[in-house]
Peer 1: 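Following this message is one structure expressed as structure tokens.
Quick note: numbers below take in every heavy atom, side chains included, and nothing from hydrogens, waters or symmetry partners. First listed ligand is number 1; within each ligand, the first listed atom is number 1.
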Amino acid sequence: MVLKIRNVTKSYPGQTADDAVLRGVSLDLAAGTSLALTGDSGSGKSTLLHLAGALDHFDSGEIEIGTTKLSRLGDGQRAALRRQEVSLVFQQFNLIPSLTVRQNIALHARLGGRWDAVWGQQLADRLGLSGLLDRYPEQLSGGQQQRVAIGRALALRPKLLLADEPTGNLDETASAAVMELMLELVRESGAALFLVTHSSAIAQMLDRQLHLKHGKAA
Ligand SMILES: Nc1ncnc2c1ncn2[C@@H]1O[C@H](COP(=O)(O)OP(=O)(O)OP(=O)(O)O)[C@@H](O)[C@H]1O
């Protein structure tokens with residue numbers, strides 16, 4: 001299993017156990033599979049995604065990425081895990097404006113010590129970015145920018161790809177195209193995809209769906 005979440009609870013300052021954002025959430029995600037997380041605004045979707053990415057701490061329960069238990073890691077080990085095993089794609093594409101498409105795609109893989117130029121070129125080809133490699137993000141459409149962000153995320157060959165409303169800034173046509181490419185590449189690379197979305201149409205494109213309500217997942 002790439003991601004195991006067991007009975008995780010999380011509250012923010014000022015919240016009691018009864019109104020905690022997450023009140024015992026469990027899920028499993030295997031390599032090469034995808035899971036959509038849906039739920040009302042404020043139900044805790046982004047919170048759970050951040051916990052899965054070791055970006056924040058949970059109160060109780062356990063999260064495992066591969067065989068690593070997140071509760072046992074110090075800050076340095078968490079940072080190393082994020083650099084090497086986990087990639088993130090957000091609604092805001094978060095590209096570096098002063099870097100070209102080519103440099104943006106390579107950025108995280110280089111930082112993680114995992115840059116593979118052949119794989120990087122394959123990703124650029126598959127994402128339709130080969131003719132745009134010397135451009136800067138501001139010279140791209142929203143759909144193209146998000147494809148760069150997906151290329152950057154997958155260039156690392158992460159075990160786990162986390163995506164928070166990855167097509168939330170795109171129109172319907174661009175959104176469907178970006179989702180299809182991302183799902184294809186996730187399957188081929190053997191990564192596990194955990195994706196937050198408001199859209200039931202997008203959720204249905206993934207292998208499984210989970211709905212967050214009252215701090216629990218069903
Ligand atoms: N850093 C924080 N400090 C305090 N409360 C927070 C913090 N982050 C989130 N919350 C609260 O936790 C709850 C869940 O937030 P979260 O962003 O996880 O929900 P979401 O389901 O992703 O919402 P949306 O669909 O609107 O993005 C909300 O009530 C929010 O106000």
Peer 1: Using a strict threshold of under 4.0 Å (side-chain N to carboxylate O), is an ion pair present between D56 and K10?
Peer 2: yes
Peer 1: Taking NZ, NE, NH1 and NH2 as the nitrogens, is one of them in K45 or E165 under 4.0 Å from a carboxylate oxygen of the other?
Peer 2: no
Peer 1: Show me, by chain and number, every protein residue that has a heavy-atom distance under 4.0 Å to ligand 1.
Peer 2: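 Lining ligand 1 at under 4.0 Å, by heavy atoms, one finds Y12, V21, D40, S41, G42, S43, G44, K45, S46, T47, H198.
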Peer 1: Under 4.5 Å between side-chain heavy atoms, counting indirect links through other Ile/Leu/Val/Met/Phe/Trp/Tyr residues: same cluster for V148 and V186 or not?
Peer 2: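 They do share one cluster, since a chain of ILVMFWY contacts under 4.5 Å joins V148 to V186.
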Peer 1: Would you call D134 and R102 a salt bridge, using N to O less than 4.0 angstrom?
Peer 2: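 R102 and D134: salt-bridged.
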Peer 1: Is L183 reachable from F194 through a run of I, L, V, M, F, W or Y residues, each pair having side-chain heavy atoms under 4.5 Å apart?
Peer 2: no
Peer 1: Should the pair K69-E62 be classified as a salt bridge under the 4.0 Å nitrogen-to-oxygen rule?
Peer 2: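 Salt bridge between K69 and E62, a charged N being under 4.0 Å from a carboxylate O: no.
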